[in-house]
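Reviewing the structure listed below.
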Number of protein chains: 2
Amino acid sequence: MTEEAFPYTRRFLQGRSRDALSDREKGLLEGLVDKVERFTAPHTILNRGDVVDQSTILIEGTVARVIHEDGKRHIVALHVPGDFVDLHGFALKRLDHDVVSIGSVQIGFAPHDRIQKILETEPTLARMLWYSTLLDAAMHREWIMKLERLSADGRLAHLVAELWQRLDFVDLAGENGFSLPLTQQELADACGTTSIHMNRVVKKLRETGVVDISRGQVTVLDKTLLKELGAFDPAYLYGRGPLKLT
Amino acid sequence: MTEEAFPYTRRFLQGRSRDALSDREKGLLEGLVDKVERFTAPHTILNRGDVVDQSTILIEGTVARVIHEDGKRHIVALHVPGDFVDLHGFALKRLDHDVVSIGSVQIGFAPHDRIQKILETEPTLARMLWYSTLLDAAMHREWIMKLERLSADGRLAHLVAELWQRLDFVDLAGENGFSLPLTQQELADACGTTSIHMNRVVKKLRETGVVDISRGQVTVLDKTLLKELGAFDPAYLYGRGPLKLT
DNA sequence: CTCGGCCACTAACATAGGTTAACTTCCAAG
DNA sequence: CTTGGAAGTTAACCTATGTTAGTGGCCGAG
């Protein structure tokens with residue numbers, strides 16, 4: 001059975017294949033997905049405060065977790081294909097943030113009662129699902145560190161480095177870049193700065209030969225500079241060793 | 001059987017008693033703790049990169065999760081009694097941050113093999129443990145929001161409000177304040193600023209009648225101002241309604 | 001085609017916060 | 001009591017970043 005047999009969860013498995021799963025287990029995981037939807041325009045998929053009875057897995061595209069506060073958008077996490085976006089909703093029930101699509105996305109929905117069943121009968125899968133939410137928390141911690149420590153240039157560099165690495169884990173990173181449908185405003189929302197200042201920073205990184213971000217495409221010009229500027233050490237992603245960012 | 005019968009996990013249960021547990025389950029949880037240690041001086045209990053085979057629960061005092069990066073300390077989380085500090089170590093195995101004691105602390109250790117056994121046989125407890133790590137992640141997200149959005153005054157106000165609320169959940173908050181053994185340098189490390197600037201901020205909040213932080217004691221002078229300045233909405237703590245901060 | 005709106009981009013100015021360098025207060029060790 | 005170090009405090013100066021106000025380009029709707 002090839003991996004293509006699991007269209008919804010293939011990248012999830014790629015991204016965190018710490019324990020090898022049997023085909024039976026892979027099938028159970030795939031079976032969590034109940035229905036699939038596509039959103040082509042920016043769309044708020046879930047709202048803060050929503051009581052949820054299903055969780056969402058990102059199959060294709062980009063989604064952000066957003067906290068709105070007096071008119072401002074704050075991106076607290078970004079997701080790449082294969083990520084379980086709100087698995088935490090299973091246990092917390094009520095969401096503490098919005099989930100919004102960026103660009104065109106495809107999303108799978110996993111009803112909580114199916115997840116419940118797996119938790120009760122499949123310890124390996126249960127552990128993998130838990131593990132997945134813990135990875136999220138580890139990324140949150142790194143973002144906290146990055147926000148506490150780095151200035152705007154460093155934050156952007158860190159964000160780019162992290163996304164490149166995470167996309168590489170799921171075979172979606174190019175040799176020297178990746179496509180990223182975020183506007184400068186959204187980059188600013190993720191780095192805790194303003195779009196005006198983000199524009200200055202994007203320009204600076206382009207001119208200093210670190211990275212070029214334009215027309216939805218990220219082109220890494222100098223890996224070493226990027227890593228240094230972003231103080232990026234991929235250990236927190238718990239992956240199988242960095243690939244693109246040697 | 002009174003709650004005092006569970007000296008190690010009593011506050012853990014207070015803090016997140018979402019599902020009522022039977023005394024049998026409470027006993028199993030209490031039985032996770034293998035040995036207890038006290039540290040009176042500041043002490044690094046666990047180091048980043050450590051491979052762990054036990055997790056730690058905070059029984060008394062304060063501990064911080066810290067990421068050191070070129071000489072600087074970054075506090076990414078603070079813990080109050082009852083918190084499972086590194087439950088995530090159970091699944092991740094390798095720590096992505098240090099765990100350090102602040103002031104005098106008492107800590108319990110729970111070997112991973114005991115946790116493993118509970119996960120396999122006790123779905124309610126398993127879910128509660130998972131829930132506990134998800135709460136951590138929700139707090140991380142709020143910190144990210146706070147760092148992205150608020151200036152130093154607001155960050156400090158938010159930190160104070162959060163800690164007051166969390167201490168209140170475990171009956172350790174006073175009527176108009178709480179004791180907090182953090183130095184201004186450590187407050188700065190948690191708010192992503194410098195100790196010099198933190199000093200300015202502490203002074204300002206004292207003079208504007210918001211909160212007085214001195215000699216290890218926090219005295220809230222005006223709840224409403226504190227909440228506003230820190231943009232604090234306790235929903236993300238998933239508690240049973242705010243008490244001190246109406 | 002052309003209009004309206006979003007996005008990228010720029011300039012001029014204001015301010016929060018970083019840096020360096022002091023001095024003071026407190027307290028514990030001797 | 002004396003000493004030394006850590007914590008708190010302040011001042012002067014400088015830079016990163018926020019704010020306000022605008023420009024021009026692109027693109028989809030009509």
Side-chain angles (χ1 to χ4, degrees), chain A residues 40-43 69-74 100-104 146-158 179-208 211-219 229-230, chain B residues 40-43 62 69-75 100 102-104 146-159 179-208 211-219 229-230:
Chain A
T40 50
H43 181 72
E69 196 84 31
D70 51 48
K72 284 172 188 161
R73 259 164 89 101
H74 299 280
V100 306
S101 68
I102 294 187
S104 172
K146 138 192 134 186
L147 289 165
E148 287 182 349
R149 170 163 182 248
L150 301 174
S151 55
D153 328 19
R155 293 178 187 180
L156 180 58
H158 187 283
S179 80
L180 181 72
L182 293 182
T183 64
Q184 290 186 356
Q185 176 65 61
E186 287 161 337
L187 289 173
D189 292 342
C191 291
T193 183
T194 59
S195 63
I196 289 99
H197 194 58
M198 183 48 70
N199 183 270
R200 292 196 270 251
V201 169
V202 167
K203 185 183 171 190
K204 182 177 164 194
L205 294 200
R206 191 182 295 141
E207 285 173 352
T208 53
V211 63
D212 180 68
I213 305 177
S214 47
R215 276 157 291 118
Q217 191 65 30
V218 174
T219 310
L229 194 59
Chain B
T40 49
H43 181 72
T62 310
E69 197 82 29
D70 51 47
K72 283 170 189 161
R73 257 165 90 102
H74 299 280
I75 296 182
V100 305
I102 293 186
S104 171
K146 138 191 132 185
L147 289 165
E148 286 181 352
R149 170 161 181 249
L150 301 173
S151 55
D153 329 19
R155 293 178 187 179
L156 179 58
H158 187 284
L159 182 66
S179 80
L180 181 72
L182 292 182
T183 63
Q184 289 186 357
Q185 175 65 62
E186 286 161 337
L187 289 173
D189 293 341
C191 291
T193 183
T194 59
S195 62
I196 288 98
H197 194 59
M198 183 47 71
N199 183 271
R200 292 196 269 248
V201 170
V202 167
K203 184 183 172 190
K204 183 178 164 194
L205 294 201
R206 191 181 296 141
E207 285 173 352
T208 52
V211 62
D212 178 69
I213 305 177
S214 46
R215 277 157 291 119
Q217 191 65 28
V218 174
T219 310
L229 195 58

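The shown structure was predicted, so the numbers you read here are calculated from the model rather than taken from an experiment. Letters go in sequence order (proteins before strands), and every chain restarts at 1.
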Take atom [atom1] of [X] and atom [atom2] of [N], then tell me their distance rounded to the nearest Å.
X        : N      : atom1 : atom2 : result
B/His197 : C/dA16 : NE2   : P     : 8 Å
B/Lys204 : D/dT9  : NZ    : C1'   : 17 Å
A/Gln184 : D/dG24 : CD    : P     : 18 Å
A/Asp189 : D/dT17 : CG    : P     : 16 Å
A/Ile196 : D/dA16 : CD1   : C1'   : 15 Å
A/Met198 : C/dT10 : CE    : P     : 15 Å
B/Glu207 : D/dT9  : CD    : C1'   : 12 Å
A/Arg215 : D/dG25 : CZ    : P     : 16 Å

Between atom [atom1] of [X] and atom [atom2] of [Y], what is the distance when rounded to the nearest 0.5 Å?
X        : Y        : atom1 : atom2 : value
B/Ile75  : B/Leu159 : CD1   : CG    : 8.5 Å
B/Gln184 : B/Ile196 : CD    : CD1   : 10.0 Å
B/Met198 : B/Asp153 : CE    : CG    : 9.0 Å

What's the closest nucleotide to the side chain of [X] if the choices are [options]?
X        : options               : answer
A/Thr193 : D/dT17, D/dA7, D/dT20 : D/dT17
A/Ser151 : D/dT17, C/dC7, D/dT20 : D/dT17
A/Thr194 : C/dT19, D/dG18, C/dA8 : D/dG18

Give one of base, sugar-phosphate or nothing for B/Gly154, where a contact means two heavy atoms less than 4.0 Å apart.
nothing
Counting any heavy atom closer than 4.0 Å, what does A/Arg206 reach on the DNA or RNA strands: base, sugar-phosphate only, or nothing?
sugar-phosphate
Apply side-chain contact (heavy atoms from CB on, under 4.5 Å) to the pair A/Leu229 and A/Leu205, showing each step before the final yes or no.
CA-CA 10 Å; A/Leu229 194 59; A/Leu205 294 200; 3.5 Å; yes
Could you walk me through whether B/Glu186 and B/Arg73 pass the side-chain contact (heavy atoms from CB on, under 4.5 Å) check?
CA-CA 8 Å; B/Glu186 286 161 337; B/Arg73 257 165 90 102; 3.7 Å; yes
So, OP1 or OP2 of C/dC9: does either fall under 4.0 Å of a side-chain N or O from A/Asn199?
yes
Has A/Lys203 got a side-chain N or O lying under 4.0 Å from the OP1 or OP2 atom of C/dA8?
no
With a 4.5 Å heavy-atom cut-off, do B/Leu187 and B/Ile213 have their side chains touching?
yes
Are A/His197 and A/Arg200 packed together at the side-chain level, in the sense that at least one heavy-atom pair is separated by less than 4.5 angstrom?
yes
Kindly indicate whether the side chain of A/Arg200 and the base of D/dG18 share any N or O donor-acceptor pair separated by less than 3.5 Å?
yes
For the helix from C/dC1-D/dG30 to C/dG30-D/dC1, figure out the bend between the end axes, five pairs an end, and round to 10 degrees.
40°
